[in-house]
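Reading through the structure tokens given below for one structure.
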Amino acid sequence: QVQLQASGGGLVQPGGSLRLSCAASGSIFIINSMAWYRQTPGKQRELVANIATSGFTTYADSVKGRFAISIDNAKTTGYLQMNSVKPEDTAVYYCNARGHLYGAYEEYGYWGQGTQVTVSS
């Protein structure tokens, strides 16, 4: 079984930058595709960015041009680079990665536990 860990959140001023990371804890998990979501209290979970197995990326209009989703060369860590952040970016960010354990055939999707991003002056 795989447990994903989302990390890198914190307090940042408007206009600043953060890089969120998503990786397995205690296992080697090969990521084939990944999405980042965010959620605020009382609001529906929102898709922020997605990277397909082909490498094709898509973004919500609200973050296009400011955020970038990627997977490292080893395909063990996914990222969300957040630039020029705004107060409305404040949310808990969750990663959803689809892939397989090293040496395994079966592919599954897993959720990270979430990391808090707060944009405030």
Side-chain angles (χ1 to χ4, degrees):
Q1 183 66 26
V2 172
Q3 294 212 19
L4 292 180
Q5 183 76 28
S7 61
L11 177 64
V12 62
Q13 293 185 347
S17 297
L18 285 174
R19 189 177 72 167
L20 308 183
S21 300
C22 180
S25 176
S27 303
I28 301 177
F29 182 66
I30 307 301
I31 301 171
N32 294 323
S33 61
M34 183 182 66
W36 285 93
Y37 295 80
R38 64 187 181 188
Q39 189 168 32
T40 57
K43 299 294 184 180
Q44 188 175 6
R45 185 177 296 171
E46 174 189 18
L47 176 63
V48 176
N50 183 79
I51 182 167
T53 56
S54 64
F56 185 79
T57 57
T58 56
Y59 300 91
D61 288 340
S62 59
V63 307
K64 192 174 298 182
R66 300 188 297 117
F67 292 6
I69 187 171
S70 63
I71 303 171
D72 69 4
N73 290 335
K75 299 191 180 299
T76 56
T77 305
Y79 300 98
L80 182 68
Q81 178 67 45
M82 305 170 61
N83 297 323
S84 302
V85 296
K86 304 175 180 179
E88 48 264 46
D89 295 323
T90 297
V92 178
Y93 285 72
Y94 299 88
C95 61
N96 179 266
R98 187 170 183 87
H100 59 90
L101 289 168
Y102 179 78
Y105 173 82
E106 295 176 318
E107 183 175 280
Y108 298 97
Y110 297 96
W111 286 95
Q113 88 289 357
T115 184
Q116 175 72 48
V117 173
T118 302
V119 183
S120 177
S121 60

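- Taken together through direct or relayed side-chain contacts under 4.5 Å among Ile, Leu, Val, Met, Phe, Trp and Tyr, V12 and W36 form part of one hydrophobic cluster.
- For the atom pair OH of Y59 and CG of L47, the computed distance is 11.5 Å after rounding to the nearest 0.5 Å.
- Applying the ring pair (Phe, Tyr, Trp, His ring centres under 6.0 Å) rule to Y79 yields no partners; only residues at least two apart in sequence or on another chain are considered.
- One hydrophobic cluster, built from ILVMFWY side chains closer than 4.5 Å, holds both L4 and I69.
- Summarising the geometry, atom CG belonging to N50 is positioned 4.5 Å from atom OG1 belonging to T58; distances are rounded to the nearest 0.5 Å.
- Separation of atoms CG (L101) and CZ (F29) is listed at 6.5 Å; rounding is to 0.5 Å.
- Sorted by first and then second residue, the disulfide (SG to SG under 2.5 Å) pairs with a member in residues 8-45 read C22-C95; sequence neighbours excluded.
- In the hydrophobic clustering of ILVMFWY residues, with side-chain heavy atoms under 4.5 Å counting as a link, L20 and V119 come out together.
- With rounding to the nearest 0.5 angstrom, the NZ atom of K64 is 9.5 Å from the OG1 atom of T57.
- One distance of note links NZ of K75 with CD1 of I30; it measures 9.0 Å at 0.5 Å rounding.
- Residues I51 and Y108 are members of one and the same hydrophobic cluster, defined by side-chain heavy-atom contacts under 4.5 angstrom among Ile, Leu, Val, Met, Phe, Trp and Tyr.
- Rounding to the nearest 0.5 Å gives a distance of 7.0 Å between OG1 of T76 and CD1 of I31.
- Pairing each heavy atom of T115 with each of G8, the nearest pair is OG1-N, 4.1 Å.
- Within the 4.5 Å cutoff, the side chain of E106 has no heavy atoms near those of the H100 side chain.
- The side-chain hydrogen bond (donor to acceptor under 3.5 Å, both in side chains) pairs that include a residue from residues 87-97 are R38-D89, R38-Y93, R66-D89, where partners are two or more places apart or lie in different chains.
- What you find for S120 and L11 is that their closest heavy atoms are CB-CD1, 4.2 Å.
- Between Q81 and S17, the closest heavy-atom pair is NE2-CB, 4.1 Å.
- Checked against side-chain contact (heavy atoms from CB on, under 4.5 Å), A60 has the following partners two or more places apart in sequence or in another chain: E46, S62, V63.
- A continuous path of ILVMFWY side-chain contacts below 4.5 Å connects L80 to V85, so both sit in one hydrophobic cluster.
- For the salt bridge (Lys or Arg N to Asp or Glu O under 4.0 Å) test, no residue two or more places apart in sequence or in another chain qualifies with R45.
- Here the shortest heavy-atom pairing between V117 and G9 reads CG2-CA, 4.1 Å.
- Not counting sequence neighbours, K43 has no partner by the salt bridge (Lys or Arg N to Asp or Glu O under 4.0 Å) test.
- Of the possible polar contacts, one joining the Q113 side chain to the A6 backbone as a donor-acceptor pair under 3.5 Å is found.
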